[in-house]
2 protein chains.
Amino acid sequence: MKSYGQLCAVARALDIVGDRWTMLVIRELLIQGPLRFGELQGGLPGVATNLLTQRLRELEEHGVLVRESVRRSSGSTMYRLTERGEALEGVIRELLKWGAPTVSEAPAESIFQMHWLSQPARYLLKDHRPQEPASTIRFGNFDDGFDLTASDGNIEVRPCSRDAQLRAVVSGPRQVLVGLLQGAIDLAAAIACGVEVQGESAALIRVLPQTGTPSSADQDNSLPSR
Amino acid sequence: MKSYGQLCAVARALDIVGDRWTMLVIRELLIQGPLRFGELQGGLPGVATNLLTQRLRELEEHGVLVRESVRRSSGSTMYRLTERGEALEGVIRELLKWGAPTVSEAPAESIFQMHWLSQPARYLLKDHRPQEPASTIRFGNFDDGFDLTASDGNIEVRPCSRDAQLRAVVSGPRQVLVGLLQGAIDLAAAIACGVEVQGESAALIRVLPQTGTPSSADQDNSLPSR
DNA sequence: CTGGATCCGGGAAGATACTG
DNA sequence: CAGTATCTTCCCGGATCCAG
């Protein structure tokens, strides 16, 4: 898009990352790590291929990402954020903190992908039992989800890993999961709305926001030995 | 613009503030406080009136700002950020932190307005002499500038005030001021490049980033009793 | 004179078909 | 799979016009 032509740091940033789809490309690469063209397209439903190409070229020119030819077998190219690109994490974080309250107002036909919840989870969830041993939960499934680890009071999120030691696997309807992570509803209500927790629900409770009313879900049911 | 149609906090935020010019409208209102249509237009060189109208309507619909009819004399309307709108400060802050290094790469013919430096000043400058009494500096002039106060280790910026007690007034060429505030050049170099400091230059040095080489400007010349 | 609304040309975005 | 080419649609930008 055309430059704003202003000698201002905000305008300069928007000259580079202010175009339509651009920040969502950054989001995908921040969440999922290096991706191929098709994978990127999959996380950006509705983007035209020519437009995605154009955005990737522009971001490459500005040093936000790099094209990497994978040498194995054929020349499949990967897109990877540079250090400069990863520095956009702060912008993404502030955008999602601001946008989170409006997710519930999204058009009903909105598309949902579980991995989009990984950054909100990182910022909205906390490890409420720091003294307990590290514990990893999977949200969603391997094809679209993320692994969240609570340890020493910290929360980390990563793309799903084959060899993660999972204490629990969480899945369910889109809107309910969003509300659960934001603390808008508690676990008992979420389960009533169709959320399924396989494994130790205590591992999930450990990181969920505390909702106002200490519900029956708090003392929980069992810790099945896994 | 069209919604991304994604159940994702980042996409939802961009649905609201991702359109062209929108974040710059927010920037103006954050920096300058409530403004009239024409004042807004003045801080957004190149925006078409119809487009500005449209953006203001959209932001009003989303509860980011409110139109206020000033009852005095004729019906001049003011635009003021709501609490929700002011919550975008974090997004602006992260954008400017990311964009600051690229300001020097801006097109040569870029427009400059002094008040655009006020937010960078707020985040890039520090009060290095917290024990000294509060001290206010004006950057630019009353028509386009801002007042910066250092006190108790904190930095505050405000639109220019008629009754501010000024220790110093700083002006000079655009690019040099940008470099000075970012610590890319030191005060001695800035003065050599045309920056003028009227009053106590010590008041300016108190808040400037420390450049690598402790230059002659550091021990400074005098503190004229004012 | 400020605060807009209307009109229109050019260009960016969206959809889809096509190719190495 | 990773784009390119093409066409349509819609938004942006600039000028002009209108109302209080």
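Chain identifiers are assigned alphabetically (A, B, ...) following the order of the sequence lines, protein sequences preceding nucleic acid strands; residue numbering begins at 1 within each chain.
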>> What's the closest nucleotide to the side chain of A:T53 if the choices are C:dG4, C:dG14, D:dT4?
In response: D:dT4

>> If you only use heavy atoms from C-beta on, which nucleotide in D:dG13, D:dT4, C:dA13 is closest to the side chain of A:Q54?
In response: C:dA13

> Among D:dA2, D:dT4, C:dA5, which nucleotide sits nearest the side chain of B:T49?
Replying inline: C:dA5

> Does a nitrogen or oxygen in the side chain of A:R36 sit under 4.0 Å from OP1 or OP2 of D:dA2?
Replying inline: yes

>> Taking the nucleotide of DNA chain D with the nearest heavy atom to each, does B:D19 or A:E39 sit closer to the 5' end?
In response: A:E39

>> B:E89 vs B:R122, test: salt bridge (charged side-chain N to carboxylate O under 4.0 Å, His left out). Steps then yes/no.
In response: CA-CA 12 Å; B:E89 187 197 320; B:R122 179 174 174 190; 3.3 Å; yes

> Are side-chain N/O atoms of B:D147 and B:S161 paired as donor and acceptor at under 3.5 Å?
Replying inline: no

> Is NZ or CZ of B:R138 both nearer than 6.0 Å to the six-membered ring centre of B:F146 and within 45° of the ring axis?
Replying inline: no

>> Rounded to whole Å, please give me the gap between CG in A:L56 and P in D:dA2.
In response: 11 Å

>> Without decimals, in angstroms, what is the distance between A:F37 CZ and C:dG20 P?
In response: 18 Å

>> Could you go through B:E156 and B:R158, starting from their C-alpha distance and side-chain angles, then the distance that decides it, and tell me whether this counts as salt bridge (charged side-chain N to carboxylate O under 4.0 Å, His left out)?
In response: CA-CA 7 Å; B:E156 289 179 13; B:R158 282 185 304 281; 3.4 Å; yes

> If you find the nucleotide of DNA chain D closest to B:W21 and the one closest to A:R67, which residue's nucleotide is nearer the 5' end?
Replying inline: A:R67

> What is the distance from CE of A:M1 to P of D:dG13, rounded to the nearest Å?
Replying inline: 7 Å

> Given that A:G46 and A:K2 both sit by DNA chain C, which one's nearest nucleotide is further toward the 5' end?
Replying inline: A:K2

> Using 30° and 60° as the class limits, which term best fits the ring planes of B:W21 and A:Y4: parallel, tilted or perpendicular?
Replying inline: perpendicular

> Counting side-chain heavy atoms from CB outward, which of C:dA13, D:dG3, C:dG4 is closest to A:R57?
Replying inline: D:dG3

> In whole angstrom, what separates B:Q41's CD from C:dG4's P?
Replying inline: 11 Å

> Which of the following nucleotides, D:dG3, C:dG4, C:dA15, is nearest to the side chain of A:A48?
Replying inline: C:dA15

>> Measure CE/B:M78 against P/C:dT2 and give the value in whole Å, please.
In response: 15 Å

> Separation of B:E68 atom CD from C:dG3 atom C1', in whole Å?
Replying inline: 16 Å

> Out of C:dG14, D:dG3, D:dG13, which nucleotide sits closest to the side chain of B:L51?
Replying inline: D:dG13

>> Is the phosphate of D:dC11 approached by A:R20 (side-chain N or O, under 4.0 Å from OP1 or OP2)?
In response: no

> Got a donor-acceptor pair under 3.5 Å from the side chain of B:N50 to the base of C:dG4?
Replying inline: no

> B:Y79 side chain N/O closer than 4.0 Å to the phosphate oxygens (OP1, OP2) of C:dG4?
Replying inline: yes

> Could you state the CG-C1' distance from A:L24 to C:dA13, rounded to the nearest angstrom?
Replying inline: 14 Å

> In whole Å, what is the span from the CG atom of A:L44 to the C1' atom of C:dG14?
Replying inline: 14 Å

> Donor-acceptor pair, B:N154 side chain versus B:D127 backbone, under 3.5 Å?
Replying inline: no

> Any idea which of D:dG14, C:dA12, C:dG3 is nearest the A:R55 side chain?
Replying inline: C:dA12

